[in-house]
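Working notes for the structure below.
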Amino acid sequence: MLDQRLLRENPDLIAQQLARRGTAPDLGPLCRMAVEQRDLEEHRNSLQAEGNGIGRDVGQLLRNGTAADDPAVVDLRERGNRLKQQIADVDERVKELGRGLLDGLRSLPNLPSAATPDGRSEADNVERHRWGTPRQEEGLLEHWQIAERLGLFENERSVRIAQSRFVTLMGAGARLERGLIAFMLDHHGRNGYREMAPPILVNSASLTGSGQLPKFADESFRCADDDLWLTPTAEVPLTAFHRDEVIAADQLPLRYVAHTPCFRREAGSYGRDTRGLIRLHQFNKVELYWFCHPDQSDAAHEQLTRDAEGILEALGLPYRRLELCSGDLGFSAARTFDLEVWLAGAGAYREISSCSTCGEFQARRSAIRCRDGKTTRLLHTLNGSGLAVGRTMAALLEHGQQPDGSVTLPEVLVPYVGSDRLLPPP
RNA sequence: GGAGAGGUGGCCGAGUGGUCGAAGGCGCAGCACUGGAAAUGCUGUAUAGGGGUGACUCUAUCGAGGGUUCGAAUCCCUCCCUCUCCGCCA
């Protein structure tokens with residue numbers, strides 16, 4: 001959420017920065033609302049001050065022995081009652097404006113960082129670097145073809161259990177996923193992240209705090225009878241973990257790693273990535289999350305991204321880092337690096353992690369501050385996948401496939417999977 | 001699900017209509033004492049939003065929302081949450 005003060009004092013700056021994202025909302029009404037709300041609130045406060053004075057005066061008179069039906073007291077009471085009515089009228093308008101203002105502000109995306117390159121769409125994203133050597137032989141299979149041969153997951157019957165875009169992992173497939181999750185958690189744990197296992201049902205306030213609500217309600221699954229949703233990413237419960245808190249600066253940064261299932265409706269992606277593990281309603285993800293001091297968030301962003309890249313490098317998976325242009329940023333992000341892994345069978349780079357700094361955007365929505373000397377200020381939040389587990393499996397299968405139909409696995413996974421090779425059934 | 005208890009400042013805890021933003025204690029900070037420290041003493045110590053260059057000042061906040069009243073932490077209503085016991089359950 002953006003700063004109300006900025007909206008009142010410099011709406012042009014906001015408009016100009018939002019334009020970089022390719023959105024041009026008319027900020028005029030919202031800005032006028034903010035100014036009127038502030039002015040009316042000021043008026044209300046002075047009325048209230050007058051009323052408080054009357055209350056004090058009555059108390060003083062009564063304590064001094066003035067009779068309750070003394071004209072002086074009666075007169076003050078009448079004035080108090082008149083004021084009360086006035087305050088009620090103004091107050092109603094103030095609250096109405098406040099609600100509208102909050103709704104409006106919550107629907108505005110974050111401003112792009114000054115470092116974010118301008119651009120309109122993903123075509124304008126900027127490649128920052130590449131790592132590893134992509135396999136590009138002829139005849140490489142896609143991961144779902146490999147998985148089918150090896151009996152790693154089951155699609156049709158999963159539709160019976162739930163609906164399309166769900167999958168059941170089986171045998172070595174299930175074990176590989178479990179091993180990957182454990183490997184990622186261990187790896188990040190060694191790098192200083194605290195492992196967390198948060199609730200994956202989250203309430204509306206939590207979704208609002210990280211930016212999924214109110215604009216993206218149709219992207220999440222909702223539990224009809226409760227104010228609870230299936231979390232679309234661990235970013236939501238991890239942000240909410242510290243909602244309404246003031247954290248001492250010397251505690252920062254707080255760095256968390258969490259594995260959770262993630263649930264997304266994938267509305268509007270009918271027909272895309274219908275096979276395999278790339279796009280599912282339910283998938284596993286290991287998420288990295290930082291709460292940090294505002295002065296340190298740039299360095300934190302680089303470090304978090306490096307930590308995500310560390311998994312790809314440990315697994316020997318070729319990837320590239322893209323910096324998203326202003327027009328391709330997510331709602332809450334000020335600056336984002338996407339990591340794209342090479343899918344050898346598909347012959348393409350595919351997003352496997354998105355590492356964003358949100359500045360104070362989520363911290364304001366969630367009221368998370370740090371104590372900095374004598375004052376408190378909003379801290380900064382950052383998040384990134386480290387990594388999306390299903391897509392990591394897909395990349396491993398495509399990268400490690402052998403002519404004999406087997407798949408070789410990276411050495412680091414042996415302790416987790418029990419083998420360096422997946423073999424086709426006899 | 002049934003029965004009961006309770007939600008007050010960083011923490012503990014007093015406070016049942018009138019200068020209560022809130023006693024007292026702990027914690028924390030500064031000062032004094034000390035060779036240094038402990039102990040002790042004194043002083044200070046919430047958050048948010050307005051206004052003022054500033055000293056400062058106004059408003060709100062005692063789980064949330066409404067109500068009664070000139071005036072509510074205190075009375076009334078609704079809701080939420082926590083704890084204890086019982087039941088049920090992985």
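Each chain gets a letter, A, B and so on, in the order its sequence line appears, and its residues count up from 1. As the structure is a prediction and not an experimental result, all values here were calculated from the model.
Rounding to the nearest 0.5 Å gives a distance of 9.0 Å between CZ of R365(A) and CG of L105(A). Note that the OG atom of S206(A) and the CD atom of Q212(A) stand 10.0 Å from one another [nearest 0.5 Å].
One atom, CG of L40(A), and another, P of rG49(B), lie 19 Å apart when rounded to the nearest Å. If you take CD1 of I368(A) and P of rU47(B), they are 18 Å apart, rounded to a whole angstrom. Distance, N203(A) CG to rC81(B) C1': 12 Å, rounded to whole Å. The interatomic distance linking L378(A) (CG) with rU47(B) (P) rounds to 14 Å, in whole Å. Put simply, CG on D91(A) is 18 Å from P on rG49(B), counting in whole angstrom units. Per the geometry, CD belonging to Q60(A) stands 19 Å off P belonging to rG17(B), to the nearest Å. When rounded to the nearest whole Å, the span between CD of E9(A) and P of rG49(B) equals 13 Å.
Within the nucleic acid shown, R82(A) has no heavy atom closer than 4.0 Å to any nucleic acid atom. Within the 4.0 angstrom heavy-atom criterion, only backbone atoms of the sugar-phosphate kind lie near T376(A); the bases stay farther away.
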Practice problem: With salt bridge (Lys or Arg N to Asp or Glu O under 4.0 Å) as the test, would you mind laying out the steps for R279(A) and E266(A) before giving the verdict? | Solution: CA-CA 8 Å; R279(A) 191 178 298 277; E266(A) 297 295 346; 3.1 Å; yes
Practice problem: Output, in order, the C-alpha distance, side-chain angles, deciding distance and verdict of side chain to side chain donor-acceptor pair (under 3.5 Å) for N45(A) and E41(A). | Solution: CA-CA 6 Å; N45(A) 283 351; E41(A) 193 162 23; 5.5 Å; no
Might you list the N or O atoms of the protein lying below 3.5 Å from N or O atoms in nucleotides 6-10 of chain B, with each pair's distance?
none

Dump every N/O contact between nucleotides 51-54 of chain B and the protein below 3.5 Å, one line per pair.
from: rG51(B); atom 1: OP1; to: R38(A); atom 2: NH1; distance (Å): 3.3

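Legend: residues meeting side chain to side chain donor-acceptor pair (under 3.5 Å) with T376(A), ordered by chain and number and at least two apart, are absent. Residues passing the side chain to side chain contact (heavy atoms under 4.5 Å, CB included) test with R178(A) are R175(A), sequence neighbours excluded.
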Quiz item: Nucleotide by nucleotide, 5' to 3', does protein get under 4.0 Å of the base (B), only the sugar-phosphate (S), or neither (-) in nucleotides 60-80 of chain B, counting heavy atoms?
Solution: S-----S--BBS---------
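Searching all strands for a Watson-Crick or G-U wobble partner of rG18(B) with both distances below 3.5 Å returns rC70(B). In this structure, rC31(B) and rG41(B) make a Watson-Crick or G-U wobble pair, each of the two defining distances being under 3.5 angstrom. For rC85(B), the paired base is rG2(B) (Watson-Crick or G-U wobble, both distances below 3.5 Å).
Using a distance-only test at 3.5 Å, with no hydrogens or angles considered, no donor-acceptor pair links the side chain of E323(A) to the main chain of V126(A).
A salt bridge between R93(A) and D89(A) is absent, with no side-chain N of the basic residue lying under 4.0 Å from a carboxylate O of the acidic one. A salt bridge is defined here as a Lys NZ or Arg NE, NH1 or NH2 lying under 4.0 Å from an Asp or Glu carboxylate O, and R321(A) with E302(A) meets this definition.
In this structure, R255(A) forms no cation-pi arrangement with Y289(A), as its terminal cationic atom is not both closer than 6.0 Å to the ring centre and no more than 45° off the ring axis.
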Just list the side-chain donor-acceptor pairs under 3.5 Å for residues 10-17 of chain A, sequence neighbours left out, or say none.
from: N10(A); atom 1: OD1; to: L13(A); atom 2: N; distance (Å): 3.3
from: Q17(A); atom 1: OE1; to: R20(A); atom 2: NH1; distance (Å): 3.0

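In summary, the side chains of D338(A) and S354(A) do present a donor paired with an acceptor at a separation below 3.5 Å, with no hydrogens or angles considered.
Mapping V246(A) and S46(A) onto RNA chain B via the closest heavy atom, the residue that lands nearer the 5' end is V246(A).
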